Amino acid sequence: MKKLMLGNEAIARGLYEAGASVVSSYPGTPSTEITEFAASYEEIYCEWAPNEKVACEVAFGASLRGARSACAMKHVGLNVAADPMFTLSYTGVNGGLVIFVADDPAMHSSQNEQDSRHYAIAAKIPMLEPADSQEAKDFTKTAFELSERYDTPVLVRMCTRIAHSQSIVELCERVEKPLGEYVKNAQKYIMTPGNAVKRHPVVEERTKLLARLGETTELNRVEKGGSEIGIITSGTAYQYVKEVFGDSASVLKLGLVNPLPEQLIRDFASGVEKLYVIEELDGIIETHVKALGIACAGKEMFSPLGEFSQTTIRKAFGMQTAEPVALGSSIPVRPPVMCPGCPHRGLFYALSKNKITALGDIGCYTLGGAAPLSALDSTLCMGASISGLHGFNKAGGAETEKKTVCVIGDSTFMHSGMTGLVDVAYNGSNSTVIILDNSITGMTGHQNNPTTGYNIKGEPAGHVDLEAFCRAIGINRVRVVDPYDISLCESAIKEELAAEEPSVIISRRPCMLLKYVKAKPAAVVAEDMCVGCGSCMAIGCPAISMKDGFARIDPTQCVGCGVCAQLCPTGALTCAEG
Amino acid sequence: METKNVMIVGVGGQGSLLASKILGALLTGEGFDVKVSEVHGMSQRGGSVVTYVRFGDKVYSPVVSDGEADFIVSFETLEAARYVGCLKKDGKIVVNTQTIDPMPVITGAAEYPYGVLRELKDKGVFVDDIDALSLAEQAGSAKAVNIVLMGRLSKYFDIPKEKWEAVIKQLVKPQFTDINLKAFELGRDER
C-alpha cells in the first residue's frame with residue numbers, strides 16, 4: 001500500500017516496521033512528529049522525557065535490556081544528549097539503538113544552524129541521511145540492522161525539508177523483534193577508564209569496517225549521467241540537484257554520510273570532467289574529498305548559510321532564473337507573534353512597563369522579545385535564563401538583583417531550568433525567577449510534560465508540583481499570579497525583587513489554544529469614549545489595531561482575555577465579565 | 001507530465017495545512033508523484049506561512065522556487081504579493097480578499113498595501129480574488145475559508161468535482177462535512 005507521508009511520519013512507520021518497542025524523546029521542531037506518530041502505534045512504548053539527555057539514556061537502557069529503541073530530537077537537542085551519546089559509542093548496544101536528529105537550516109524554528117554531521121564524526125557513530133519520506137522509512141530500518149550488526153548506536157539525520165515534506169511511501173508489515181536476552185557484561189557496559197581504554201580501539205576498528213561498508217552499500221549510489229559534470233551530494237540537496245540537472249549530470253548520492261567512502265569517491269571523480277560537492281550547511285563532504293587529494297568545487301559556490309533550493313543551484317551554475325514581478329508597493333514583514341489571549345502577554349507588559357531586565361529562554365514566550373513589548377534581554381538555550389540570571393546577579397551584585405528577573409516556561413523549566421534553580425538556591429544569588437506556566441509545551445504544538453499530569457497519549461500520569469518542587473530545593477518565597485491581571489503581576493514582581501532572598505513567581509494560566517480553554521466574548525470599543533491614545537497597542541495583540549483614530553478589535557481573533565481593557569485610560573475598551 | 005507547482009500561502013493559524021492535505025490526497029489518488037512541504041513550529045504563530053504542493057510524473061525538489069508556481073492560493077491579501085516572485089509568467093493567483101494586519105502595521109511601523117491586488121492586475125498578473133471569508137460564513141463557518149479557496153482552485157484543475165468532494169468528505173470531521181461541501185460549492189461557483 002502506498003501513502004503520502006511526512007518524513008517524520010515515515011520514520012515513525014519505519015520504527016513500527018523495524019519492530020522497535022521503546023521511543024523516548026523531547027519535542028523540538030522539526031523532529032516532534034516522529035515521536036507523536038510513533039505513539040499512535042500500540043506496539044511501541046513512547047514517552048516525552050523531560051529532556052534529550054534523559055531520552056537518550058532511556059533509549060540506552062531499553063537497548064541494554066534487549067529492545068530496539070530510539071530517541072528523536074532537534075539539532076540543539078543533540079547538544080543536550082551528547083553526553084550519553086559519546087559514551088554509547090563505546091558501549092555499543094544490545095538491542096538496536098537509533099538516534100534521530102533533525103537539523104533546521106534557515107532556522108525556521110531554532111536559535112542556531114548547527115550541522116549535526118559534526119557530531120557523528122566526533123562521536124564516531126555512523127550517520128544515515130535520507131532524502132525523502134520513502135528513504136526516511138527505509139533508512140530507519142537499515143539503521144537498526146547496522147546498529148545490531150556493528151554494535152553501535154546509529155544516527156539518522158533529518159532536516160526541516162525532509163522532516164516536514166510529504167512524499168509517497170510504500171508501506172510494509174511490522175516484523176516483531178522479540179526482546180533480546182540481557183547478559184551482564186561489565187567490560188562492555190561499565191565505562192570506567194580501565195574498560196573504556198579497551199573499548200576505544202573497538203570503536204576505531206568499527207569505524208574502519210563501516211567506511212568499508214560505505215564503498216559497497218546501497219545507501220550510497222552512483223546515478224550515471226553526463227560525464228561533464230559530477231556532483232557529490234546527500235539529503236535534500238540531492239533533490240535540488242536532480243531537479244536542475246535531471247540525468248544530464250552524474251550524481252553520487254550519499255546516504256551513509258559518516259563515515260564517508262574513499263574509493264567510491266575516487267572512482268566517481270575519475271569518471272567526470274569537473275567535480276562539485278553540493279551540501280547544505282557545512283562543507284563536510286567537501287573537506288573529506290579534498291583531504292583525499294581530489295579537486296572539487298564546493299563552498300566557494302554554495303553558502304554554508306540557510307536552505308538551498310533549485311534556484312540556489314541554477315544561480316551558482318550561472319543558469320537563467322526567473323525575473324521577479326517588481327512591485328511598487330512595499331510588503332511589510334509578518335513575523336510570528338504571541339496569539340490573542342496568550343497568557344504571557346500581561347506578564348511581559350508588566351516587565352516592559354517597569355523597565356525590568358529579563359533574561360529569556362526557549363519557547364513561545366521568546367516572542368515577548370519582539371516589539372512592541374520588547375521585554376527580553378537574552379535568549380541562549382534551554383534553561384539558560386535561570387543560570388544566566390544567577391551569573392548576571394553574581395557579577396552585578398545587589399543593585400542588579402533588584403531590577404533583573406528571568407522568564408522560563410513550564411516545559412523548559414523541567415527540561416533544564418530546574419538545575420539552574422538549584423544553583424540559585426545552593427549558591428545563594430538573590431534572584432527572581434518567573435516560571436511562565438501555560439500548562440503545556442506550546443511552541444512545538446502542545447505536548448504534555450511532567451507538570452501537566454498527562455502523558456504523550458493524553459492519559460493521566462505523574463505530576464510535578466512546581467510550588468512544592470521549588471520549596472523542596474530551598475526557595476522559600478514561591479507565589480502564583482494570574483498573568484491576565486497586570487497590576488497583580490506588577491506588585492508581585494516589585495515585591496519579589498525587593499525581597500532579600502531568592503524567589504519564584506509562577507505566572508499560571510493555560511495556553512489559549514488548548515481545546516479545554518474557552519474564549520470569552522470579544523472586547524468592545526465605545527467609540528464615543530475612545531480618544532485614540534493607543535495605550536492598548538502597547539501589548540502587541542494581533543486582534544487590536546488603530547483605524548481612523550479609534551482602537552478597533554477584530555472579533556474573529558479576540559478571545560476576551562481583558563488585558564487590553566486594563567490599559568485603557570478612558571474605559572472605552574471593555575470586556576464582558578464571566 | 002511536467003511537474004506542476006502550487007503554493008498555499010497565508011497567516012499561521014488560517015488552516016492552510018488542511019488545504020495542502022486535501023490537494024495531496026487528491027493528486028496522489030490521481031496517480032501523480034506528489035510532494036508537499038509544510039511549515040511547523042514558530043512560524044505558525046501568526047507569521048507568514050507557505051506550503052508547497054508539487055505533482056507530476058516524478059517530483060524531486062519539495063519546494064517551489066522563483067518563477068515556478070503555476071498557482072498561488074493566498075489566504076490573505078498581502079501574502080499573495082509577498083510570494084508573487086515565485087509565480088510563473090502565466091501562473092494564476094487565487095486570493096482571499098481578507099486582510100490581516102501584520103505586527104509592523106499594528107504598531108504603525110508600516111502601512112498595509114491595500115492597493116496591491118490592483119497593482120498585480122495592472123502588471124498583467126492573473127488574479128482571481130474572492131471574498132472567501134464571507135462565503136465561508138455563508139456556508140456555516142468562518143473556518144471553512146480553506147475549503148472555499150480549494151473550491152475556487154478546483155475550477156482550474158482538470159479533475160472532476162466529485163473527486164474533490166470525495167477527498168473533502170474523507171478528510172474533514174463528519175460533523176463538518178455539510179458545511180465544508182457547501183463551502184467548496186460556493187468557492188467553485190461564486191460569481
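From a predicted model like this one, the values you see are computed outputs, not experimental measurements.
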Contacting moiety of [X], where chain B heavy atoms sit under 4.5 Å:
X: A:C342; answer: neither
X: A:S330; answer: backbone
X: A:K315; answer: side chain
X: A:A538; answer: neither
X: A:P332; answer: both
X: A:D104; answer: neither
X: A:M546; answer: neither

What are the residues of residues 69-78 of chain B, in order of number, with any heavy atom under 4.5 angstrom from a heavy atom of chain A?
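If one takes a 4.5 Å heavy-atom cut-off, the residues of residues 69-78 of chain B near chain A are B:E76, B:L78.
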
Would you compute the distance between atom [atom1] of [X] and atom [atom2] of [Y] and round it to the nearest 0.5 angstrom?
X: A:T311; Y: B:E68; atom1: OG1; atom2: CD; answer: 5.5 Å
X: B:L133; Y: A:T556; atom1: CG; atom2: OG1; answer: 7.0 Å
X: B:D33; Y: A:I168; atom1: CG; atom2: CD1; answer: 5.0 Å
X: B:K21; Y: A:L6; atom1: NZ; atom2: CG; answer: 9.5 Å
X: B:R118; Y: A:S329; atom1: CZ; atom2: OG; answer: 12.0 Å

Per-residue contact mode, [X] against chain A (heavy atom under 4.5 angstrom):
X: B:E111; result: backbone
X: B:A81; result: both
X: B:K123; result: side chain
X: B:F32; result: backbone

What option among [options] has the most heavy-atom pairs under 4.5 Å with chain A?
options: B:V105, B:V59, B:I100; answer: B:I100
options: B:V34, B:L87, B:T3; answer: B:V34
options: B:Y112, B:Y60, B:Y52; answer: B:Y60
options: B:T28, B:V125, B:V63, B:T107; answer: B:V63

List the atom of [X], the atom of [Y], and the distance in Å for their closest heavy-atom pair.
X: B:P62; Y: A:Q239; value: CD-CB, 4.2 Å
X: B:P113; Y: A:I331; value: CG-CD1, 4.2 Å
X: B:V64; Y: A:Q310; value: CA-NE2, 4.3 Å
X: B:D101; Y: A:S545; value: OD2-CB, 3.8 Å

Crowding at [atom1], [X] (>12 non-hydrogen neighbours, <6.0 Å):
X: A:E170; atom1: CD; value: yes
X: B:D122; atom1: CG; value: yes
X: B:K89; atom1: NZ; value: no
X: A:N112; atom1: CG; value: yes
X: A:K3; atom1: NZ; value: no
X: B:K92; atom1: NZ; value: yes
X: B:E2; atom1: CD; value: no

Output all residues satisfying salt bridge (charged side-chain N to carboxylate O under 4.0 Å, His left out) with B:K169, sequence neighbours left out; order by chain, then residue number.
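For B:K169 there are no salt bridge (charged side-chain N to carboxylate O under 4.0 Å, His left out) partners, ignoring immediate neighbours.
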
Check A:Q166, A:H164, A:R161 against B:S37 for a side chain to side chain contact (heavy atoms under 4.5 Å, CB included) and give me the one that passes.
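That would be A:R161; it is the only one of A:Q166, A:H164, A:R161 passing the side chain to side chain contact (heavy atoms under 4.5 Å, CB included) with B:S37.
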
Could you check whether any side-chain heavy atom of [X] comes within less than 4.5 Å of a side-chain heavy atom of [Y], counting everything from C-beta outward?
X: B:P102; Y: A:V333; answer: no
X: B:M103; Y: A:P372; answer: yes
X: B:D66; Y: A:R314; answer: no

Residue among A:K2, A:Q557, A:M338, A:E33 with most heavy-atom pairs under 4.5 Å to chain B:
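Greatest number of close heavy-atom pairs with chain B: A:E33.
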
